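What follows is a set of notes on a single structure, which appears directly below.
Every chain is numbered from 1 and lettered A, B, ... according to where its sequence line falls, protein lines coming before strand lines. From a predicted model like this one, the values you see are computed outputs, not experimental measurements.
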Amino acid sequence: MIFAKPNSEQEVVSLLKETQGITRILGGGTDVLVQMKSGVTDPDLIVDIKNIPGIREIKKVNGGYEIGAAVSGSEFNNYPGLKEFTPGIAEAFDLIGSSQIQGRCTLAGNICNASPAADTTPALSVSKCRVKIVGPNGLREDLVSNIPIGPGKNSLKKGEFIKSIIIPKRPLYSSDSYIRFTPRSEMDIAVVSAACFITLNQEKLIKELNISLGAVAPLVVNIKGINELVMNKNLNDNLISQISLICSSSCDPIDDKRGTIEFRSHVAGVLAKRSIILAHSRAGEKIEKIAR
Amino acid sequence: MDQITPKTTKEFKIVGTRPLRPDGIDKVTGKAMYGADLYAPNMLYGCLLRINEPHAFIESIDTSNAEQLSGVKSIVTFKDFIKINPDNKNNQILENCIANEKVLYDGHAVAAVAAVDLSTAKKALKLVKIKYKKLPFVITIEDAMKIGAPVVAIGKKNENIPDGYSDNVIQYCSFGHGNLEEGFKAAHKVIKRTFKTPSVHQGYIEPHACLASMSNDGKADLWCCTQGHFNVRSICSSIFKMDNSQLKVTASEIGGGFGGKTTVFIEPIALALSQKSGHPVKMVMSREDVFKATGPTVSSLVDVEVGMKKTGKITAARAIIRYEGGAFPNETYELGAQSAFAAYDLDAVKTEAFNVLTNRPTQAAYRAPGAPQSIYAVESVIDELCQFFNQDPLYVRILNAAKKGTKSSYGPTFDDIGLKATLEAAKNHPHYTSPLKENQGRGISCGFWFNFGGNTCVSLNINFDGTVGVVEGNPDIGGSRSSISQMAAEELGISLDKVKTVIADTNSLGHNDVTDGSRVTFSVGLATIKAAKAAKKELCKRASKLWGIDEDAVIWKDGYAHPAGANAGNQEPLSLEDIAKVSSQTGGPIAGHYEVNADGAGVSFGVHLVDIETDMETGHSKIIRYTVFQDAGKAIHPSYVEGQMQGGSVQGIGWALNEEYIYSSDGKLQNPGFLDYRIPVASDLPMIDPVILEIPNPGHPYGVRGVGETSIVPPLAAINNAVSRATGIRFTELPLSPPRVLKAILNKQ
Amino acid sequence: MKKLHVNVSVNNNDLEFLCNPEDTLLDVLRNDLNLTGTKEGCSTGDCGACSVILDKKLVCSCLVLAAEVDGSDIDTIEGMAEENKLHVLQEKFLEHAALQCGICTPGILIAAKSLLEKNQNPTEKEVRYWLAGNLCRCTGYDKIIRAVLDAAREMRKDYGPNYS
């Protein structure tokens with residue numbers, strides 16, 4: 001195995017492109033090192049990207065944020081204003097692993113590792129976040145939800161890597177949430193998760209509602225047809241129950257050591273409900289705060 | 001942190017206080033040396049090749065390519081052990097360490113390599129060619145017991161096994177007394193249920209590790225983390241057919257054991273690799289290996305039937321217990337049968353138990369081995385009966401509690417025991433009457449453990465400067481150096497800082513049984529007190545020489561030799577230090593020694609109270625409040641007694657809520673790591689409130705009872721009862737994982 | 001295989017070592033730098049026994065490549081006591097009997113130290129969540145949590161209200 005720690009994006013691309021065999025990017029290393037130890041992967045090249053200028057920075061861009069690929073969970077959550085801007089992504093990022101893992105884990109790693117149970121992918125998906133990808137053909141952008149293409153597989157091509165994640169600007173009365181279910185209070189992988197992004201108008205009528213579910217299918221499930229159902233309506237119990245049922249029936253989960261099909265489908269509906277209520281109350285608070 | 005002590009007990013000065021532990025600074029600064037912390041010059045790294053099949057016949061092992069790899073110094077398979085000693089053919093402990101003819105469980109080792117570094121050793125493992133034939137396998141108790149099941153090991157079945165079972169059912173026992181038929185007839189209600197518990201792992205944070213060095217002349221040194229280095233010596237010296245005296249085993253500091261480090265897994269392998277290579281060999285298990293190839297506890301399938309009058313009086317009780325302990329006979333099925341009804345004073349009781357083989361890793365002891373499973377089943381049925389009759393569950397237990405003079409369900413008649421006092425303490429505790437909210441339930445359970453004594457040997461040396469060295473032979477797993485030092489200082493009447501307790505290697509002291517069965521504070525404490533008494537006798541003799549009076553005319557009191565009455569003279573009392581300083585003039589160094597196969601370890605009872613809140617939409621249960629009541633006999637160092645009560649409780653909580661060995665349909669373990677084998681983390685728990693009771697054990701000079709194990713017994717049923725009351729659904733299988741609980745909730749709706 | 005040359009500061013001592021590309025920081029600390037106070041419990045980041053502080057961040061040293069840390073500052077348990085004076089956390093762990101076997105203790109002390117450097121007045125819940133990545137199988141955590149809370153109290157007293 002070769003270890004490289006280049007100082008520029010171009011060097012990373014060349015190394016990735018020119019190395020035969022398995023190449024892996026090292027950001028936080030919290031997945032790749034575990035996979036190496038357990039023999040799941042035996043890379044020929046590890047490229048540590050942390051020396052690339054700007055890769056560990058958070059920038060305010062166009063009313064949203066650009067998060068460098070090597071920014072860790074604790075750096076994200078300690079960045080002033082970010083948690084308030086997107087409590088949902090912050091929650092999802094914060095839920096990855098322990099305090100120790102928080103010092104290392106990255107959004108880019110979580111996305112590229114492409115686990116069906118990844119915490120941040122549903123949260124990034126509901127907010128229509130994008131990634132900036134550098135590769136042999138230069139820079140391109142794609143939606144986060146297009147990166148994972150199957151358990152452990154991503155859509156990046158030979159020579160490409162993610163340099164940053166774009167959290168776009170959001171309407172005034174928007175907020176988000178992320179809730180997951182784990183048997184323990186910490187240290188577990190999500191058995192089911194739900195992320196919600198909601199936009200209200202000043203009268204608290206729903207203008208946009210996105211829900212994504214994690215760990216209930218090989219890929220994140222972005223629930224379709226919800227916006228038509230809720231557009232310009234007030235959130236009420238009946239509406240929540242309908243969405244909850246849609247979510248439960250949109251699941252395509254498996255039975256495994258972490259949960260059953262029955263459990264995952266049922267709890268997906270429960271978590272969807274709870275995430276909507278939470279995101280809705282956060283957006284509602286914004287209306288009240290701005291009114292004051 | 002309450003302590004309830006009867007006023008009649010002996011007055012102590014040092015015993016019962018909470019001094020800082022003597023090995024503490026080393027352990028908070030990283031100096032303490034654990035199993036993997038020793039390195040030797042010219043050392044090799046050893047590792048094991050494991051086969052990921054539950055059952056397979058080994059056709060051939062070809063190590064020739066691996067031997068060619070540069071840096072590989074020795075390779076060992078089972079055949080090497082036969083060459084060393086033909087008797088090894090029947091050595092079950094060795095066959096668990098390294099497979100003989102068959103792979104018996106997923107992860108069973110078949111070959112070992114020692115090389116100059118770990119990556120070379122691992123590379124070499126990949127070059128070892130194994131040919132094997134897969135065999136049909138059995139994982140569950142139900143499957144294994146059926147006629148026609150694949151047989152794990154032929155010829156192990158005892159003659160007393162009733163008809164109708166496969167050859168995997170190898171041992172059977174029964175205990176009890178009274179007329180069951182009449183008893184059940186007299187009941188107003190009889191409830192019979194079947195309960196299941198999964199295999200769970202001890203989950204010590206330190207993986208097994210050792211460093212072995214054997215020379216050509218057959219002498220060997222072995223450093224390892226173990227609960228009993230004398231036992232390691234016995235096992236290994238028999239495997240290598242060597243004299244006990246030629247194998248020196250030194251116990252490292254030990255990073256948790258809970259019963260799981262009472263046997264050997266890698267030590268004989270490291271010795272063989274060292275013998276063959278001529279180098280010291282270090283072996284450290286990976287966490288995956290620990291889960292796959294070291295002892296989990298037995299899994300169980302238990303039927304319990306209890307009859308009760310509407311007054312709450314139990315009229316008859318019966319249990320049929322089946323324990324599966326992996327590929328070799330488990331040692332706990334009998335203990336499970338004996339402990340099932342130990343907490344009750346019953347006229348009619350019977351327990352039967354079966355020992356069952358499966359293609360799983362061989363069980364090892366885990367804190368009160370066998371008791372949590374059977375008592376969980378019993379205490380769950382008792383609670384259901386209490387609910388049926390709308391009786392207070394603590395009242396019913398007090399009404400039926402075993403007491404002094406009770407003929408126990410397993411035979412012996414109890415002496416002084418603390419069960420009733422423990423139950424009453426629970427009943428009077430504010431926790432028991434505090435209000436509960438919606439979706440919350442309160443559960444209680446009794447727990448019991450026998451406690452062991454056993455072979456014990458202690459030397460107590462009085463140095464010329466008046467300080468004292470205690471030499472004992474049991475690894476300190478949770479603060480025992482402190483309690484042993486405290487008992488020595490108490491008995492001698494000197495201050496604690498004058499005493500230092502060390503754990504000797506196997507060549508420096510007589511045999512000591514394993515640190516297990518909650519025996520150390522009891523047995524080593526007893527031997528230490530007796531060794532101190534012997535030293536005091538000698539001190540008095542020396543004082544008599546100094547004073548020129550009769551030996552009988554000197555008594556020891558409060559750390560001083562005194563003339564015994566006016567006839568002996570009115571000499572100034574001499575301190576231990578005064579006598580020690582001049583001891584070379586009065587006959588040489590002074591020491592006390594005591595050796596015993598200790599008897600009289602008093603049984604210990606505990607009662608746990610737990611409040612649970614269950615999320616009815618997800619089936620998730622959270623511990624809201626937890627209180628532990630336990631009879632310690634006498635708490636030598638109350639902080640470490642509390643620690644045992646709290647730690648055992650939390651292991652039981654893990655067992656009840658989330659921990660389990662999960663097997664796939666192809667017989668492979670699905671969760672050999674801390675990610676999916678879910679032991680409780682700090683944020684899962686509230687404070688665990690301990691209440692120590694002190695009902696002295698008549699078998700110990702200071703009244704000590706073992707406290708290490710009882711605490712893991714009650715959580716299983718206490719939590720089961722709490723969740724059952726919170727949800728209104730009776731559960732009969734552990735763990736109460738969210739999918740299981742939610743399924744029951746949805747079925748009920 | 002070519003070894004990599006790495007410069008680090010460990011417990012304020014400038015050191016250099018050679019490592020294989022796949023060696024972890026934990027491997028090097030224990031096997032090459034003779035710092036065995038950092039323990040290996042799982043090597044998958046699930047137990048926290050190998051916790052160290054890397055450039056002021058708490059990490060599992062089993063999930064860090066040794067080659068990555070060139071130019072970094074690392075604090076391990078061996079550097080926690082100053083000269084012969086124990087850190088308040090170490091004192092409180094002894095006082096509260098917050099260790100039984102002691103194998104998780106170095107990692108927990110390092111993690112707790114990093115918490116108290118960020119948050120001088122944590123709640124019980126904050127301590128429990130911060131330490132969730134440090135498994136202890138002996139104590140049930142009760143006395144550990146009490147010791148950390150007591151140490152925080154003591155440190156606020158020692159350093160005054162502006163301590164951070």
Side-chain angles (χ1 to χ4, degrees), chain B residues 18 20-21 23-34 36-39 118-119 202-207 253-258 284 286-288 476-479 637 639-640 642-651 653 673-675 679-690, chain C residues 1 20 22-23 27 30-31 34-47 49 76-78 80-81 86-87 89-91 93-107 109 124-125 127-146:
Chain B
R18 302 176 185 236
L20 301 188
R21 64 191 284 169
D23 54 336
I25 289 182
D26 285 355
K27 287 180 175 162
V28 298
T29 55
K31 275 184 205 152
M33 300 271 289
Y34 292 82
D37 294 341
L38 191 66
Y39 295 74
L118 199 54
S119 63
Q202 296 83 354
Y204 31 82
I205 308 300
E206 181 199 31
E253 292 303 324
I254 176 171
F258 317 108
V284 181
S286 70
R287 179 55 54 183
E288 183 177 337
D476 178 354
I477 204 158
H637 192 309
S639 294
Y640 289 100
E642 289 163 2
Q644 291 297 317
M645 291 159 69
Q646 293 166 327
S649 299
V650 169
Q651 288 183 318
I653 289 170
F674 280 135
L675 182 63
I679 78 171
V681 300
S683 49
D684 291 337
L685 298 161
M687 293 297 185
I688 307 293
D689 207 4
Chain C
M1 192 170 13
N20 296 315
E22 69 275 10
D23 288 344
D27 294 336
R30 290 182 53 82
N31 300 337
N34 210 9
L35 295 169
T36 54
T38 304
K39 305 299 180 190
E40 178 162 12
C42 69
S43 76
T44 50
D46 296 309
C47 80
T76 71
I77 186 66
E78 287 88 351
M80 195 159 168
L86 293 181
H87 189 279
L89 275 161
Q90 292 171 314
E91 283 174 356
F93 267 57
L94 294 178
E95 206 178 288
H96 286 266
L99 55 142
Q100 283 177 34
C101 82
I103 194 85
C104 70
T105 309
L109 285 167
E124 179 190 332
K125 193 175 172 187
V127 176
R128 285 187 180 277
Y129 274 84
W130 184 265
L131 294 180
N134 291 86
L135 301 180
C136 168
R137 192 60 157 170
C138 293
T139 64
Y141 305 103
D142 183 300
K143 293 185 191 302
I144 292 173
I145 305 298
R146 289 178 199 277

Residue, of B/Gly203, B/Ser649, B/Gly256, that accumulates the most heavy atom pairs under 4.5 Å with chain C: B/Gly203
Interface moiety of B/Thr29 toward chain C, non-hydrogen atoms closer than 4.5 Å: both
Which portion of B/Tyr39 sits near chain C, non-hydrogen atoms under 4.5 angstrom: side chain
Rounded distance (nearest 0.5 Å) linking atom CG of C/Leu35 with atom CG of B/Asp37: 11.0 Å
C/Ala132 versus B/Ser683, closest heavy-atom pair with distance: CB-OG, 3.5 Å
B/Lys27 vs C/Thr105 side-chain heavy atoms within contact, under 4.5 Å: no
Minimum-distance pair of heavy atoms, taken over all atoms of C/Cys47 and B/Ile205: SG-CG2, 4.4 Å
Any B/Gln202 side-chain heavy atom under 4.5 Å of C/Arg137 side chain: no
Side chain, backbone, both or neither of C/Tyr129 within contact of chain B (heavy atoms, under 4.5 Å): both
Taking every non-hydrogen atom, the tightest pair across C/Leu109 and B/Val28: CD1-O, 3.4 Å
Contacting moiety of B/Glu253, where chain C heavy atoms sit under 4.5 Å: neither
Residue B/Ser639 versus chain C: region with a heavy atom under 4.5 Å: both
Validation row: B/Glu288, C/Thr44 side chains within 4.5 angstrom (heavy atoms): no
Heavy-atom donor-acceptor pair, B/Arg287 side chain to C/Ser43 backbone, under 3.5 Å: no
For chain C, the option from B/Gly673, B/Gly479, B/Pro686 that forms the most heavy-atom pairs under 4.5 Å: B/Pro686
C/Glu91, part contacting chain B, at a heavy-atom distance under 4.5 Å: neither
Contacting region of B/Ile254 [heavy-atom separation from chain C under 4.5 Å]: backbone
B/Gln644 portion near chain C, given a 4.5 angstrom heavy-atom threshold: both
Nearest heavy atoms of B/Ala682 and C/Ile145, plus distance in Å: CB-CD1, 4.4 Å
Region of B/Ala36 that comes under 4.5 Å of a non-hydrogen atom in chain C: both
Options B/Ile653, B/Ile25, B/Asp476, ranked by heavy-atom pairs under 4.5 Å with chain C, top entry: B/Ile25
Partner chain C: residue of B/Leu675, B/Leu20, B/Val650 with the largest heavy-atom pair count (under 4.5 Å): B/Leu675
Region of C/Leu86 in contact with chain B, defined by heavy-atom distances below 4.5 Å: side chain
